[in-house]
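Throughout, protein chains are lettered first and strands after them, A, B, ... in sequence-line order, and every chain is numbered starting at 1.
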Amino acid sequence: MCGRYNISDDPFTQALLDEFGIDRHLETRYNIAPTEQVPVIRRGDHGYELREMRWWLIPSWVKEPGTRYSMFNARAETVNESPAFRAPFRHQRCILPASSFIEWHTEDGKKQPWLIRPTDRAIAFAGLWDHWGHGEGSILSCCIVTCDAVPGFRRIHNRMPVMLEADQLQRWLSPDTDTESLMPYLQPQLPGDFELWPIDEHINNARHKETPVMTGDKILLRAD
DNA sequence: CCAGACGTTGTT
DNA sequence: GTCTGG
DNA sequence: CCAGACGTTGTT
DNA sequence: GTCTGG
């Protein structure tokens, strides 16, 4: 799953934007939570574009936008059938740039937050977007696709966000791609090496936007 | 036919 | 327990 | 995702 | 919008 993440305005993030010819930089933000506005890359009529979207998918057909249902993640296993995600999965895929994300490890009723980050690159979350309403008050929204955790992650959590490999980005974003050819992207995969750090529970509160504080030793995960 | 749902995670 | 807000 | 509220009346 | 349940 993925219910909190961070963005750093660093060279890795910049390199990811460069992949799409987007000549902008992202503001550093910590502890981004569902329902917040987040930067999203999608392919528009005039090439790749960076847009702010609400991180909580609002299907175009709902009467009123809200948070009645959990729409900030979409299960990879059902993204093809779900009424809320099927259409976006076919033609409205996007990428949420990130530098790290947070997962909670629950044991004996206690929750320990962990910060998870690649050692040498930015993260490209596989996302879906939709458009609700017309004109004034219309809303762009998005969600992050999730899948089973790779073995190395399972000590922390059984689900994880889908993180695309560098050679999958363009195809994921093309509205014309046949979804059948995207299914391999949704299998658990680790794009590169990752570090897992236990962090202070201060992060639990989504109002706290300070840098996460490491509280222990890291675990290193190799891509292979 | 109309009405109502449409979601994820984790825990028991 | 369940819903809302961040 | 987690944290925090969850209510009414009347007064400032 | 589309599917399921009654």
Selection from B:dT9, B:dG7, C:dG6 that lies nearest to any side-chain heavy atom of A:Trp56: C:dG6
In whole Å, I'd like the distance from the CD1 atom of A:Ile32 to the P atom of D:dC2. 17 Å
Distance between P atoms of B:dA5 and C:dT4 (Å, rounded): 15 Å
Are A:Ile95 and A:Leu17 co-members of a hydrophobic cluster defined by side-chain heavy atoms under 4.5 Å apart? yes
Inter-nucleotide C1' distance (B:dG4, C:dG5), Å rounded: 27 Å
Work out how far the P atom of B:dT8 is from that of D:dC1, and round it to whole angstrom. 11 Å
Between D:dC2, B:dG7, B:dT9, which one does the side chain of A:Arg159 approach most closely? B:dT9
A:Arg68 has an atom CZ; how far is it from atom C1' of B:dG7, in whole Å? 11 Å
Base, sugar-phosphate, or nothing: which does A:Phe72 touch, judged by heavy atoms less than 4.0 Å apart? base
At under 4.0 Å between heavy atoms, what does A:Arg4 touch on the DNA or RNA strands: base, sugar-phosphate, or nothing? base
So which nucleotide does E:dT2 pair with, by the Watson-Crick or G-U wobble rule with both distances under 3.5 Å? B:dA5
Would you classify A:Asn158 as touching base, sugar-phosphate or nothing, given that sugar-phosphate means primed atoms plus P, OP1 and OP2, and contacts are heavy atoms under 4.0 Å? sugar-phosphate
Output yes if the stacking criterion (under 5.5 Å between centres, under 30° between planes) is met for A:Trp61 over the base of E:dG1, else no. yes
Does D:dA3 have its OP1 or OP2 closer than 4.0 Å to a side-chain nitrogen or oxygen of A:Asn205? no
A side-chain contact here means heavy atoms from C-beta on lying under 4.5 Å apart; do A:Leu220 and A:Phe194 qualify? no
Of the candidates D:dC2, C:dG6, B:dG7, the side chain of A:Trp104 sits closest to D:dC2
Answer yes or no: is there a donor N or O on one side and an acceptor on the other, between the side chain of A:Lys209 and the main chain of A:Arg29, under 3.5 Å? no
Interatomic distance, A:Glu81 CD vs B:dG7 C1' [rounded to whole Å]: 14 Å
Could you give the CG-to-P distance, from A:Asp130 to E:dT2, as a whole number of Å? 13 Å
Taking any heavy-atom pair under 4.0 Å as a contact, classify A:Trp55: base, sugar-phosphate, or nothing. nothing
Choose from B:dT8, C:dG6, D:dC1 the nucleotide whose nearest atom is closest to any side-chain atom of A:Phe85. B:dT8
So A:Ser60, base contact, sugar-phosphate only, or nothing? Heavy-atom distance under 4.0 Å. nothing
Any N/O donor-acceptor pair, A:Thr35 side-chain to C:dG6 base, under 3.5 Å: yes
Are A:Lys111 and D:dC2 close enough that a side-chain N or O sits under 4.0 Å from OP1 or OP2? yes
Atom pair distance, as rounded to whole Å: CD in A:Glu201 and P in D:dG4: 13 Å
Parallel, tilted or perpendicular: which describes the rings of A:Trp172 and A:Phe89, with under 30° parallel and over 60° perpendicular? tilted
Across the strands shown, which category fits A:Ala84 at heavy-atom distances under 4.0 angstrom: base, sugar-phosphate, nothing? sugar-phosphate
What's A:Ala74 touching, base or sugar-phosphate or nothing? Going by heavy atoms closer than 4.0 Å. sugar-phosphate
Taking atom P of E:dG1 as reference, at what distance in whole Å does atom CD1 of A:Ile58 sit? 17 Å
When the distance from CD1 of A:Ile156 to P of B:dT9 is rounded to whole Å, what number comes out? 17 Å
Please give the distance between the C1' atoms of D:dT11 and B:dA3 as a whole number of Å. 47 Å
Which nucleotide in the list B:dT8, D:dC2, C:dG6 gets nearest to the side chain of A:Thr146? B:dT8
Is A:Arg86 touching bases, backbone alone, or none of the nucleic acid, heavy atoms closer than 4.0 Å? sugar-phosphate
Would a distance-only check, ignoring hydrogens and angles, find a side-chain to backbone donor-acceptor pair under 3.5 Å from A:His131 to A:Leu140? no
Considering only side-chain heavy atoms of A:Tyr69, which listed nucleotide, C:dG6, D:dC2, B:dG7, is closest? B:dG7
Are A:Phe20 and A:Tyr48 close enough that their ring centres sit under 6.0 Å apart? yes
Checking A:Asp108 side chain against A:Lys110 main chain: does a donor-acceptor pair fall under 3.5 Å? no
